[in-house]
Structure formats: structure tokens, C-alpha cells
Amino acid sequence: AFGNFDSSIMFMGRSEYDRDVNVYSPEGRIYQVEYAIEAIKLGSTAIGIQTKEGVVLAVEKRMTSLLMESIGLEKIVEIDSHIGCALSGLIADSKAMIDKARVEAQNHWFTYNETMPVESVAQAIGNLAMQFGEKGAKGSMSRPFGVALLFAGIDENGPQLFHVDPSGTFTQYSAKAIGSGSEGAQSTLEEGYDQNTSLEDACKAALNILKQVMEEKLTSGNIEMAKIGRAV
């Protein structure tokens, strides 16, 4: 009876698991999420460094044409007066996440009359990113977001830096790199990070790391940087 058993019924090929974001492969993997994470590795390199004085964000801006206006390539945006965000990956995907973060921050202010903690903003966006698995739900998506975000800010816990990836996972870091040059940049950060460094020195370190991993020469036109520090 077992001689006619078709093993393909039980073991589908990899392409079968590629088609659904809600199906695990036998190895316990969700390929669509992995593909989204790989898409981020094609994006611009972004770096976040946390210090005791504040947080630095630095991002590579890729100009694919001499006629392109850099104003349309913002890679660092303001979420609230105390939170900034750097992105890498599909810019179109990031807009929905950034808008959601801004709305959440304002709703928190109107409801509680206080600024929203950085971790809470990251968690809210992580929850949004996970909606790719909710079929039929309002606002559900057919695929994961192809973008990663670095949320940097200052709240009652001091300077904070959080990373959110397409799986919906949000993780706190002292220093984090995302994008095409993330492997080399992260290795450099891990080797040279000093929690006692100043905000200005962190800016210099971020620029030096970008200089190492970028294919183009470092200029004011292809770099974007922001410092989130304590109010004086």
C-alpha cells in the first residue's frame, strides 16, 4: 500500500512555500520575510549610534541621475519633536510606516499629555509590519514591508535606539547599521563602539564608517545626518 505513496504530497518544493506569507517551510522558515530582509540589503546604508548625550543617525543618499533633486530622497525623517527615523529599503513602503509612527506619537500626546516613549513607537510599527499575515483584516498586506527602520530619540529612559525589521521584530541597540553596507559597518561598530563617546565624536565615527562602505566619494550631497540630543 505504501509503494504508491507520492512523497510530493507531503514535501512541497521551495517555490510552493514562496507563495504564501503564512506558511512555514519544513525548516521552519517564512521565505517571504527572508526575501524582504534581503531587499533591505540592496538599499542605502544607514547607521545609528547611541551616546549618553543623544543619538546620531547617518544615511547614504544614492543619486542615480545628475538631474535628480535630492529633496525627494529623504532617508531621515522626524516622527515627533524627540524622535527621528532613518530608513533603508523600499522608500514607498516606508511612507506607510512613517505615517503610522507619526499618528501614534500624536495620539499618545493628545491622550496622555506626554511624549511617546521611543520603544512604544517601535513596537507600534513592529505591530504594523506583522499585518502581512492577517488575511482579510482591515489594512492587511499581501507581502511584508521591504524596509527596515532605525528609531532614535530621547525619552524618560534617556537616549534610545531601536531597529525594526520586516518580520515585525523591534530590538534595542547601542549602535546599528542597516542597508547594503551593513555587514562591514556593523563589524566596525562592534569593534570600536564606546558608550562614553560624545555626540560629536559619534557623528565623526558614523561619517568615517559610511566613507568606508560607500562606493562613491563622501560629499554633502550624498549624505544625510541628524543628531537627536537633549534640550538645552
Side-chain angles (χ1 to χ4, degrees), residues 39-51 53-64 68-106 115-116 118-119 121-122 124-126 128-129 145-155 159-166 170-182 185-186 189 199-211 213-214 216 218-231:
I40 295 163
K41 294 180 180 179
L42 301 175
S44 301
T45 305
I47 296 172
I49 302 177
Q50 175 187 314
T51 73
E53 300 173 1
V55 189
V56 172
L57 294 174
V59 187
E60 167 193 8
K61 294 177 70 172
R62 292 178 179 171
M63 304 292 288
T64 57
M68 184 179 292
E69 295 289 343
S70 62
I71 191 172
L73 293 174
E74 289 185 339
K75 297 297 180 70
I76 298 178
V77 298
E78 181 181 345
I79 301 301
D80 202 349
S81 60
H82 66 300
I83 301 176
C85 176
L87 62 99
S88 181
L90 301 177
I91 296 178
D93 283 8
S94 71
K95 295 189 181 299
M97 305 178 84
I98 290 167
D99 287 345
K100 173 70 172 178
R102 287 170 170 167
V103 170
E104 289 289 333
Q106 292 304 306
T115 57
M116 191 172 187
V118 183
E119 181 177 2
V121 173
I125 301 310
L128 173 65
F145 285 114
V147 65
L149 303 176
L150 293 176
F151 287 103
I154 295 182
D155 55 28
Q160 306 281 304
L161 177 66
F162 283 88
H163 169 240
V164 181
D165 71 16
F170 66 98
T171 310
Q172 186 172 10
Y173 282 89
S174 296
K176 178 64 177 174
I178 56 177
S180 58
S182 60
Q186 190 65 34
L189 286 170
L199 196 59
E200 289 301 321
D201 286 342
C203 290
K204 295 176 183 177
L207 288 175
N208 285 331
I209 294 172
L210 284 179
K211 183 178 180 180
V213 300
M214 283 177 58
E216 300 178 1
L218 207 67
T219 69
S220 59
N222 60 11
I223 289 293
E224 194 171 351
M225 176 172 278
K227 294 187 293 183
I228 300 92
R230 299 181 185 276

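In this text, all values refer to a predicted model and were calculated from it rather than measured experimentally.
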Quick check against the 3.5 Å criterion: does Gln186 have a side-chain atom that pairs as donor or acceptor with the backbone of Ala177? yes
pair Tyr173-Gln50: side-chain heavy atoms closer than 4.5 Å:
no
Practice problem: List the steps and the verdict of side-chain contact (heavy atoms from CB on, under 4.5 Å) for Gln160 and Phe151. | Solution: CA-CA 8 Å; Gln160 306 281 304; Phe151 287 103; over 6 Å; no
**Request:** Find out whether Leu189 and Lys176 are in side-chain contact, i.e. whether some heavy atom of one side chain is under 4.5 Å from a heavy atom of the other.
**Result:** no
Between the CG atom in Asp201 and the OG1 atom in Thr51, the distance rounded to the nearest 0.5 Å is 9.5 Å
Heavy atoms of Val147 and Leu149 approach each other most closely as CG2-CD2, 4.2 Å
For Val118, does its backbone N or O pair with a side-chain atom of His82 as donor and acceptor, under 3.5 Å?
no
If you define the side chain from C-beta out and look only at heavy atoms, does anything of Met116 sit under 4.5 Å from Asp155?
no
Taking Ser88 for its side chain and Ser44 for its backbone only, find out whether a donor-acceptor pair lies under 3.5 Å. yes
Heavy-atom nearest pair, Ala86 first then Ile76, reads CB-CG1, 4.2 Å
Applying salt bridge (Lys or Arg N to Asp or Glu O under 4.0 Å) to Glu200 and not counting sequence neighbours gives Lys227
Do Val56 and Leu199 make a side-chain contact, defined as non-hydrogen atoms from C-beta onward lying under 4.5 Å apart? yes
Here the gap from Ile79 atom CD1 to Thr115 atom OG1, rounded to the nearest 0.5 Å, amounts to 14.0 Å
Between Ala101 and Val121, the two heavy atoms sitting closest are CB-CG1, 4.0 Å
Here the pair of heavy atoms bringing Ala185 nearest to Ile209 is CB-CG2, 3.5 Å
One should read off an interatomic distance between Lys61 NZ and Leu210 CG, to the nearest 0.5 angstrom, of 13.0 Å
- Please test Leu87 against Ile98 for side-chain contact (heavy atoms from CB on, under 4.5 Å), starting from the C-alpha separation and ending with a verdict. CA-CA 10 Å; Leu87 62 99; Ile98 290 167; 3.7 Å; yes
Tightest non-hydrogen contact, residues Leu57 and Gly48, listed as CD2-CA, 3.9 Å
Might you work through the side-chain contact (heavy atoms from CB on, under 4.5 Å) test for Ile223 and Met214, ending with a clear yes or no? CA-CA 10 Å; Ile223 289 293; Met214 283 177 58; 3.5 Å; yes
Sorted by chain and number, sequence neighbours left out, salt bridge (Lys or Arg N to Asp or Glu O under 4.0 Å) with Asp93 holds for Arg143
Minimal heavy-atom distance between Glu60 and Ser180, with the atoms involved, is OE1-OG, 4.3 Å
| Stepwise, does the side-chain contact (heavy atoms from CB on, under 4.5 Å) test hold for Arg102 with Asp99? | CA-CA 5 Å; Arg102 287 170 170 167; Asp99 287 345; 4.2 Å; yes
Residues passing the salt bridge (Lys or Arg N to Asp or Glu O under 4.0 Å) test with Glu104, sequence neighbours excluded, are Lys100
Rounded to the nearest 0.5 angstrom, the CZ-CD1 distance for Phe145 and Ile125 is 8.5 Å
When rounded to the nearest 0.5 Å, the distance separating NZ of Lys75 from SG of Cys85 is 12.0 Å
When rounded to the nearest 0.5 Å, the distance separating CD1 of Ile228 from CD1 of Ile83 is 9.5 Å
